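These notes concern the structure reproduced below.
Just so we're clear, the structure is a prediction, and the values are computed from it rather than from any experiment. Chain letters run A, B, ... following the sequence lines, proteins first, then strands; residues in each count from 1.
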Protein chains: 2
Amino acid sequence: MNITEAQEKFIQAWGTLGQQWGVNRTMAQIQALLLVAPEPLHAEEIMERLSISRGNANMNVRALIDWGIAYKEHKSGERKEYFRAEKDIWEVAKRVTLERRKRELEPIVKLLDEVKQITGDKNDPEIKEFELMVDRLDKFANKVDKSLEYVIRADEHWFLSTFMKAFKG
Amino acid sequence: MNITEAQEKFIQAWGTLGQQWGVNRTMAQIQALLLVAPEPLHAEEIMERLSISRGNANMNVRALIDWGIAYKEHKSGERKEYFRAEKDIWEVAKRVTLERRKRELEPIVKLLDEVKQITGDKNDPEIKEFELMVDRLDKFANKVDKSLEYVIRADEHWFLSTFMKAFKG
DNA sequence: TTATACTTTCAAAAAGTTTTGAAAGTTATT
DNA sequence: AATAACTTTCAAAACTTTTTGAAAGTATAA
């Protein structure tokens, strides 16, 4: 396999994986392309390399930047904007974790708070079960939230340092 | 807010959250319904409560069972099948983690292995960058994989016991 | 064996998401 | 101020996923 084939394969597969992660295919493909590119690329290059339209390229590059996993870059003497990917995988993982925490965990906690105060006979089995479930979920969500906060704030290599000891390095 | 409104709100919101997790809306709604139900429900009840078709109900109940987060149940003297949700949230989290590991992590490792052996001039910047990236991703994926394996095998309350010490809780 | 009470399947329809590309917007240069 | 080089927007089209419901399948009881 030569380098072009390998890059192509990687980009396609990364796109497919992205979809399972709830990330749109093109966004993941652009990230993959920027990850394997030794130099920043501009819109035209991305469009050509992935055979996508200008609008699509623009939209998804912007999404990557919003997530904090790609950056705009300017080359002196050039008007074009260049883009590069964040290549520190731990940093990417941290960003993605933060983003998901915001999008997934915060709404759960908010929902549970709203739904916590219900009126009615506390001996009704429906009410008993509901309150039990809300309580269980709330405890869980708060534990996960605190744990994420902890690991995100900690050293970027937390995962290594916390767990790898168990595997002797 | 009365119990019916609260349940309704919870079910709808859980469905929306499910979508962001890559889980189909109806599957998440059925899970939510079964989570708040004090007794197991049968197909007819699920269809009616969520206003969905028989096929849709059947398909998504089956998916929940495949994921190991809901169970079939039989009531003696009844021909209908009843369904109940796994209500231990730690158990649900474990199952979901296992499922995602299989669907998301395993394909990455497989891809990286395939793409690792490329032919060409090792001084070509494209090749250098590519090999660097594959190596970084491979190390990361393997660390995450081993860590998940560890925490899944460990006590169900691993999350608590590993991190909560840091919060004196 | 036949009838009945249920569950499962699957092709077509509906709903939802992504992509396109032309037009509008922005900024830098002359 | 006008032009050129670029970026962004957005409505329509293409594509993907989900849902429906009627038909087929299965198991139990009489």
Side-chain angles (χ1 to χ4, degrees), chain A residues 11-34 40-67 70-84 103-104, chain B residues 11-34 40-67 70-84 99-100 103-104:
Chain A
I11 290 167
Q12 292 309 322
W14 200 254
T16 305
L17 285 168
Q19 290 186 288
Q20 292 166 352
W21 271 79
V23 168
N24 124 3
R25 212 173 72 99
T26 306
M27 180 170 162
Q29 286 184 339
I30 294 176
Q31 190 203 9
L33 174 58
L34 295 177
L41 305 178
H42 57 73
E44 216 76 33
E45 289 172 316
I46 294 170
M47 287 163 59
E48 192 160 301
R49 198 73 188 276
L50 302 179
S51 312
I52 58 174
S53 71
R54 185 169 299 286
N56 198 9
N58 179 275
M59 188 174 175
N60 285 293
V61 163
R62 201 151 28 75
L64 287 170
I65 293 170
D66 284 350
W67 278 62
Y71 310 96
K72 274 188 182 170
E73 203 142 284
H74 287 276
K75 291 200 175 178
S76 54
E78 291 243 32
R79 248 162 87 190
K80 282 193 197 68
E81 286 182 320
Y82 283 77
F83 306 98
R84 70 184 167 84
R103 294 184 186 201
E104 292 160 13
Chain B
I11 290 168
Q12 293 309 322
W14 200 252
T16 305
L17 285 168
Q19 289 187 289
Q20 292 167 352
W21 272 78
V23 169
N24 124 4
R25 213 174 72 99
T26 306
M27 180 171 162
Q29 286 183 339
I30 295 176
Q31 190 202 8
L33 174 58
L34 295 178
L41 305 178
H42 58 73
E44 216 75 33
E45 289 172 315
I46 294 171
M47 287 161 59
E48 193 160 300
R49 198 74 189 276
L50 302 179
S51 313
I52 58 173
S53 72
R54 186 171 297 286
N56 197 9
N58 180 275
M59 187 174 175
N60 285 295
V61 164
R62 200 148 31 73
L64 286 170
I65 293 170
D66 284 350
W67 278 61
Y71 311 95
K72 275 189 182 170
E73 203 142 284
H74 287 277
K75 290 201 176 177
S76 54
E78 291 243 33
R79 250 163 83 190
K80 283 192 197 68
E81 286 182 319
Y82 283 76
F83 305 99
R84 70 185 167 84
E99 198 65 29
R100 299 191 74 132
R103 295 183 185 203
E104 293 160 12

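Shown here is A:Gln19, whose CD atom has more than 12 heavy atoms of other residues, nucleotides or ligands within 6.0 Å. Annotation: A:Met27, atom CE; neighbour count of heavy atoms from other residues, nucleotides and ligands within 6.0 Å is above 12.
Counting only heavy atoms from C-beta on, B:Arg79 has its side chain closest to C:dA5 among C:dA5, C:dT20, D:dA4. The side chain of B:Arg54 approaches C:dT8 more closely than any other nucleotide in the set D:dT19, C:dG21, C:dT8. The side chain of B:Asn58 lies closest to C:dT9, out of C:dT19, C:dT9, D:dT20.
We find that CE of A:Met47 is positioned 11 Å from C1' of D:dT7, with the value rounded to whole Å. Atom-to-atom, CE of B:Met59 to C1' of D:dT20 comes out at 12 Å; the value is rounded to the nearest Å. With rounding to whole Å, B:Leu50 atom CG is found 15 Å from D:dT20 atom C1'. Put simply, NZ on B:Lys80 is 16 Å from C1' on D:dA29, counting in whole angstrom units. Atom CD in A:Glu44 sits about 13 Å away from atom P in C:dG21, given to the nearest Å. Across the protein-nucleic acid pair, A:Ile52 atom CD1 and D:dT8 atom C1' stand 15 Å apart, rounded to whole Å. Taking atom NE2 of B:His42 as the reference point, atom P of C:dC6 lies 8 Å away to the nearest angstrom. Taking atom CZ on B:Arg25 and atom P on D:dT20, their separation rounds to 10 Å, with Å as the unit.
Across all non-hydrogen atoms, the minimal contact from B:His42 to B:Glu81 is CB-O, 3.3 Å. For B:Leu34 against B:Ala70, the heavy-atom pair with the smallest separation is CD1-CB, 4.5 Å.
Phosphate proximity of C:dT8 to B:Lys72: present, with a side-chain N or O under 4.0 Å from OP1 or OP2. At the phosphate of C:dT9, OP1 or OP2 sits under 4.0 Å from a side-chain N or O atom of B:Arg62. The side chain of B:Asn24 places an N or O atom within less than 4.0 Å of a non-bridging phosphate oxygen (OP1 or OP2) of D:dT19. Residue B:Thr26 has a polar side-chain atom (N or O) positioned under 4.0 Å from OP1 or OP2 of D:dT19. Phosphate proximity of C:dG21 to A:Asn56: absent, as no side-chain N or O sits under 4.0 Å from OP1 or OP2.
Projected onto DNA chain D by closest heavy-atom contact, A:Ala43 and B:Ala57 fall at different nucleotides, the more 5' of which corresponds to A:Ala43.
Counting heavy atoms from C-beta outward, A:Arg54 and A:Met47 have side chains that approach closer than 4.5 Å.
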